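Only a predicted model underlies this, so the values are computations on that prediction, with no experimental measurement involved. Atoms within each ligand, like the ligands themselves, are counted from 1 in listed order.
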Amino acid sequence: MQYWNPVFECMSREEMRKLQSERLVETVKRVYHNVPHYRRKMQERGLEPGDIKSADDLSKLPFTSKQDLRDTYPYGMFAAPLSEIVRIHASSGTTGKQTVVGYTRKDIDTWSEVMARTLASAGATRESFIQVAYGYGLFTGGLGVHYGAERIGASVIPISGGNTKRQIQIMKDFGTTLLACTPSYALYMSEVMEEMNVKKEELKLKAGVFGAEPWTDTMRKEIEERLNIAAIDIYGLSEVIGPGVASECMCKNGLHIQEDHFIPEIIDPATGEPLPPGEKGELVFTTITKEGLPLIRYRTRDISSLNYEKCQCGRTLVRMTKVTGRTDDMIIIRGVNVFPTQLESVLLEFGEVNPHYLLIVDRVNNLDTLEVWVEMTPSLFSDEVRRIEDLERRITREIESTIGISAKVKLVEPKTIERSEGKARRVIDKRKL
Ligand code: DLL
């Protein structure tokens, strides 16, 4: 088992709590004195920095939302002078203004550290060749992984996203051992590999660090088989730092949160009340070492739960369950709440379909409708219509019995659903167009 920094990764719970408390106290002072927005919000609650004495006082503090970042666009929430900011990224928000995030030199150092831990927990060493196929640019994926890989001393291949045939050629010729990209792009790469007649045995690939979008364990199995690798889930968001907030170890049983830098909470999204370990709710983070853009109780809208038990890998860092969706990508069909990942799990249980799907939601005569498009395997496609219709019926039944909604399932020809080189788009909600 491999740690990058066992002092923090395997620290006792008491020591961790103490460290978090000290760092939280400093962060609260920093934002109170440097960020008018936080000073005002704390004053509204009658709070002064001295009222926050330990991590137990966290719930006294106000939440921060994406809207707060938009209202203070672009730099209003920065807690360091702009002359100290050495890097700017922006989140990939689809609606409204982008949110802008800034890093001081120390923040970049912290980010490299947490990303080094992430990559090491997926088996990376100085000997690794890490192909970074996350996009470089304002998106945090590319440069985030890049700096972590350099910190380890691995050989970085900074190819960025896109140009899939070239990705495969390079993976083969350069002897890539670890691939970093979104899970949907990894799947697409495996498909292009087949087209190019490149066999997985010809590659040196051992593992992949996949994230930036929700994916199921069934999807993991699919990727692991197709590429013959360990597929590791990595999580993060630009506002908190980028990738590196949390990642799985080889046990693949929850993502370890880098708690010496980010304190997690789970809250009830409706009431804002903190929930106990094990309960599912909205994930909230407080950054406790950041200088450029420290955030207090940032509401991620991601749904997860926390597990404080020590992991078999020896790490004591709390684990979050795989993020199954966001409070805002839940689709409500005739009153039933559905996450795209729930449908993904059902679909991928059927061997005759490929893991490419699209959900189309509409409203016809005041009634919500859901169409599920999923690609058939080439062998099914060349089969009789009767078999195809039979499969459509079986999938429809399975969706109805496991999720409780009726959907129209449409098996489409192989390679008709758009492939993604970054974050996949799974839902078209025509009700919102
Ligand atoms: O996606 C950072 C990142 C890059 C993470 C590369 C992992 C790998 P944003 O563009 O700000 O940052 O989007 C953050 O993406 O709130 C989640 O909803 C979603 N997300 C990120 N990682 C995962 C994951 C990057 N492993 C938003 N599972 C987050 C599910 C994820 N959702």
- Message: Please classify the D302 to ligand 1 contact at 4.0 Å (heavy-atom distances, strictly less than): side chain, backbone, both or neither.
- Response: side chain

- Go through ligand 1 atom by atom and flag the ones less than 4.0 Å from a non-hydrogen atom of F139. 1 (O), 4 (C), 10 (O), 25 (C)

- Query: Under 3.5 Å, N or O to N or O, is S238 touching ligand 1 that way?
  - Reply: yes

- Look only at interatomic distance and state if R326 has a nitrogen or oxygen under 3.5 Å from any nitrogen or oxygen of ligand 1. yes

- Query: Do the side chains of E273 and I267 get nearer than 4.5 Å, heavy atoms only?
  - Reply: no

- Item | Exam field: side chain D233 to backbone E248, donor-acceptor pair closer than 3.5 Å | no

- Side chain T341, main chain E344, donor-acceptor under 3.5 Å: no

- Determine whether the side chain, the backbone, both or neither of I234 has a heavy atom under 4.0 Å from any heavy atom of ligand 1. both

- Item | ligand 1 atoms in contact with T140 (distance to a heavy atom under 4.0 Å) | 2 (C), 12 (O)

- Item | Element-labelled atoms of ligand 1 that are located less than 4.0 Å from some non-hydrogen atom of G211 | 7 (C), 8 (C), 26 (N)

- Message: Can you confirm if the aromatic rings of H261 and F8 lie within a centre distance of less than 6.0 Å?
- Response: no

- Given S304, S305, P269, the one that forms side-chain contact (heavy atoms from CB on, under 4.5 Å) with L283: S304

- Task: Any atoms of ligand 1 less than 4.0 Å from a non-hydrogen atom of V323? List them with their elements.
- Result: 30 (C)

- Item | Any N or O of T300 closer than 3.5 Å to N or O of ligand 1 | no

- Task: Please work out whether any backbone atom (N, CA, C, O) or any side-chain heavy atom from C-beta onward of K423 is under 4.0 Å from ligand 1, and answer side chain, backbone, both or neither.
- Result: side chain

- Could you tell me whether E44 and K41 have a side-chain N and a carboxylate O separated by less than 4.0 Å? no

- Message: Over 60° means perpendicular and under 30° means parallel, so tell me whether F285 and Y235 are parallel, tilted or perpendicular.
- Response: tilted

- Message: Quick test of your reading of the structure: of G244, G325, P214, whose heavy atom lies closest to atom 30 (C) of ligand 1?
- Response: P214

- Message: For E265, give me all partners under salt bridge (Lys or Arg N to Asp or Glu O under 4.0 Å), at least two apart in sequence or on another chain.
- Response: R297

- Task: Mark up the atoms of ligand 1 that fall under 4.0 Å of a heavy atom belonging to G141, in ascending order.
- Result: 4 (C), 6 (C)

- Query: Counting heavy atoms only, which of S91, G142, A212 comes nearest to atom 22 (N) of ligand 1?
  - Reply: A212

- Quick one: list whatever passes side-chain contact (heavy atoms from CB on, under 4.5 Å) with E150, sequence neighbours left out. H146, V156

